Structure formats: C-alpha cells, structure tokens
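Comments concern the structure below.
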Amino acid sequence: MIAHPESTSASFRINMTESLLRLQANIPEIEEQRCRRLDEPFQELNRKTFALKKILSRIPDEIDDRKVFLETIKEIASAIKKLLDCVNEITAGGYLSSYMDKRAVEGRKREFIKDSKNFSQTLKEFFKGGQ
C-alpha cells in the first residue's frame with residue numbers, strides 16, 4: 001500500500017503489473033525500442049513485437065471475463081509463436097554476421113522462451129485457483 005505524500009490518512013493501492021500492461025496500450029511504437037535494421041525480417045520483428053505488446057495490454061480489461069480472456073490467451077500464444085518464427089528466420093537467414101550477434105540473439109530468445117513459460121505457468125495457477 002502506498003500512502004499519498006500529502007496525507008498520511010489517505011491511501012491507495014497500485015498494481016504495478018496491471019498499470020504497466022495498461023500503459024502499453026497507450027504508448028506508441030518508440031524508436032528506441034525498435035530494431036533499427038531496415039531488412040524486412042527485422043521490420044517484421046518490430047511489427048510482431050508491437051502486436052504482442054498490444055495484446056498483452058488488454059489483459060487487465062479482459063481477465064475477469066473468462067471466455068474473452070481465454071480467447072486473448074490464444075491470441076497471445078499465436079503472437080508468441082509468430083514472434084519466435086520471425087526470430088528463427090533472422091537467425092537462419094544469414095542476417096546476423098558476427099558470432100557475438102548470433103549469441104546475443106539466441107540468449108534473448110532463450111530468455112523470452114523462459115518468460116513465456118513462466119507466463120503460461122502463472123496462467124495455469126490462476127485458473128487452478130478458481131479465479
């Protein structure tokens with residue numbers, strides 16, 4: 001619980017995860033967050049990344065409607081697969097010239113897969129808990 005700085009009697013709660021997800025829906029594609037390579041697979045990666053962020057941003061609004069939320073989960077899974085396919089195309093297509101670039105992309109890919117599995121596990125616990 002976070003107390004309002006001007007009053008110790010007033011307090012409110014902020015769910016940071018929910019707030020960050022909601023913000024993603026209102027943040028335009030920021031140049032610093034995009035891959036700057038102009039090759040089409042990299043531009044496609046930018047589009048896939050932004051699409052996944054947009055879908056994830058809907059979670060706070062849809063989580064209480066089980067039917068809608070299940071459809072959103074399917075969209076998320078599809079967007080994750082498309083994004084990984086795009087990364088695989090980049091790594092297999094000879095777009096990364098140095099060993100260090102390939103290693104960095106593979107590391108980020110493993111991290112993304114791990115985070116995706118954690119997300120999936122959290123969803124299973126959420127539904128198992130009857131929520």
Side-chain angles (χ1 to χ4, degrees):
M1 192 171 324
I2 300 172
H4 192 276
E6 297 173 6
S7 169
T8 56
S9 62
S11 62
F12 56 95
R13 300 184 101 167
I14 295 176
N15 181 321
M16 290 304 288
T17 303
E18 180 179 331
S19 298
L20 290 171
L21 283 170
R22 287 182 188 279
L23 284 172
Q24 286 297 318
N26 299 314
I27 296 174
E29 290 183 78
I30 299 172
E31 188 63 32
E32 292 81 32
Q33 293 179 345
R34 297 173 55 89
C35 177
R36 294 189 177 128
R37 297 248 331 236
L38 298 177
D39 307 271
E40 181 53 31
F42 291 94
Q43 293 305 307
E44 185 65 16
L45 180 63
N46 286 334
R47 290 188 289 273
K48 301 288 185 207
T49 301
F50 189 70
L52 177 57
K53 285 181 179 184
K54 284 299 225 188
I55 297 167
L56 290 170
S57 75
R58 297 184 346 227
I59 290 174
D61 295 326
E62 298 176 354
I63 198 165
D64 292 326
D65 184 333
R66 186 178 178 93
K67 184 177 178 182
V68 172
F69 188 50
L70 288 172
E71 287 302 314
T72 301
I73 292 169
K74 290 177 187 175
E75 286 182 58
I76 292 168
S78 175
I80 288 171
K81 182 188 179 314
K82 289 176 183 176
L83 193 135
L84 286 171
D85 288 346
C86 193
V87 170
N88 289 334
E89 179 183 340
I90 288 170
T91 56
Y95 292 98
L96 305 173
S97 56
S98 78
Y99 172 75
M100 292 303 288
D101 288 345
K102 291 175 186 175
R103 188 171 171 191
V105 169
E106 285 299 322
R108 295 295 295 231
K109 178 180 159 186
R110 280 192 301 276
E111 184 179 323
F112 179 74
I113 291 170
K114 184 180 115 191
D115 291 342
S116 296
K117 288 179 180 178
N118 286 340
F119 177 74
S120 177
Q121 186 61 38
T122 301
L123 286 173
K124 287 176 187 173
E125 291 170 14
F126 175 79
F127 284 112
K128 194 182 294 182
Q131 297 179 355

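Note that the structure is predicted; figures quoted are calculated from it, not measured.
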query: For Arg37, does the CZ atom sit with more than 12 other heavy atoms under 6.0 Å from it, leaving out its own atoms?
result: yes
query: Under 3.5 Å, is there a donor-acceptor pair between the side chain of Ser57 and the main chain of Lys54?
result: yes
- prompt: Got a salt bridge between Glu71 and Lys74, using NZ or NE/NH1/NH2 to carboxylate O under 4.0 Å?
  reply: yes
- request: Please report the closest heavy-atom contact between Lys102 and Leu96, naming both atoms and the distance.
  value: CE-O, 3.0 Å
message: For Thr91 versus Asn88, what's the shortest heavy-atom pair and its separation?
response: OG1-O, 3.1 Å
[X] versus [Y]: any side-chain heavy-atom pair under 4.5 Å?
{"X": "Lys109", "Y": "Leu84", "value": "yes"}
{"X": "Val105", "Y": "Ile90", "value": "no"}
{"X": "Glu44", "Y": "Glu89", "value": "no"}
{"X": "Lys82", "Y": "Cys86", "value": "no"}

query: Should Ile113 and Ile80 be regarded as members of a common hydrophobic cluster, given that ILVMFWY residues are connected when their side-chain heavy atoms come within less than 4.5 Å of each other, either directly or indirectly?
result: yes
message: Parallel, tilted or perpendicular, judged at 30° and 60°: which one describes the rings of Phe126 and Phe69?
response: perpendicular
I need the [X] [atom1] to [Y] [atom2] distance, nearest 0.5 Å.
{"X": "Glu62", "Y": "Lys67", "atom1": "CD", "atom2": "NZ", "result": "13.0 Å"}
{"X": "Asn46", "Y": "Leu83", "atom1": "CG", "atom2": "CG", "result": "10.0 Å"}
{"X": "Asp115", "Y": "Phe119", "atom1": "CG", "atom2": "CZ", "result": "11.0 Å"}
{"X": "Gln121", "Y": "Ser116", "atom1": "CD", "atom2": "OG", "result": "13.5 Å"}
{"X": "Ile73", "Y": "Ile55", "atom1": "CD1", "atom2": "CD1", "result": "12.0 Å"}
{"X": "Glu75", "Y": "Leu56", "atom1": "CD", "atom2": "CG", "result": "10.5 Å"}

field: Trace of the side-chain contact (heavy atoms from CB on, under 4.5 Å) decision for Arg66 with Leu70
entry: CA-CA 6 Å; Arg66 186 178 178 93; Leu70 288 172; 4.1 Å; yes
message: Run Phe112 and Val87 through side-chain contact (heavy atoms from CB on, under 4.5 Å) and show every step you take.
response: CA-CA 11 Å; Phe112 179 74; Val87 170; over 6 Å; no
message: Using side-chain contact (heavy atoms from CB on, under 4.5 Å), reason through Asp101 and Tyr95 one step at a time and then give a plain yes or no.
response: CA-CA 10 Å; Asp101 288 345; Tyr95 292 98; over 6 Å; no
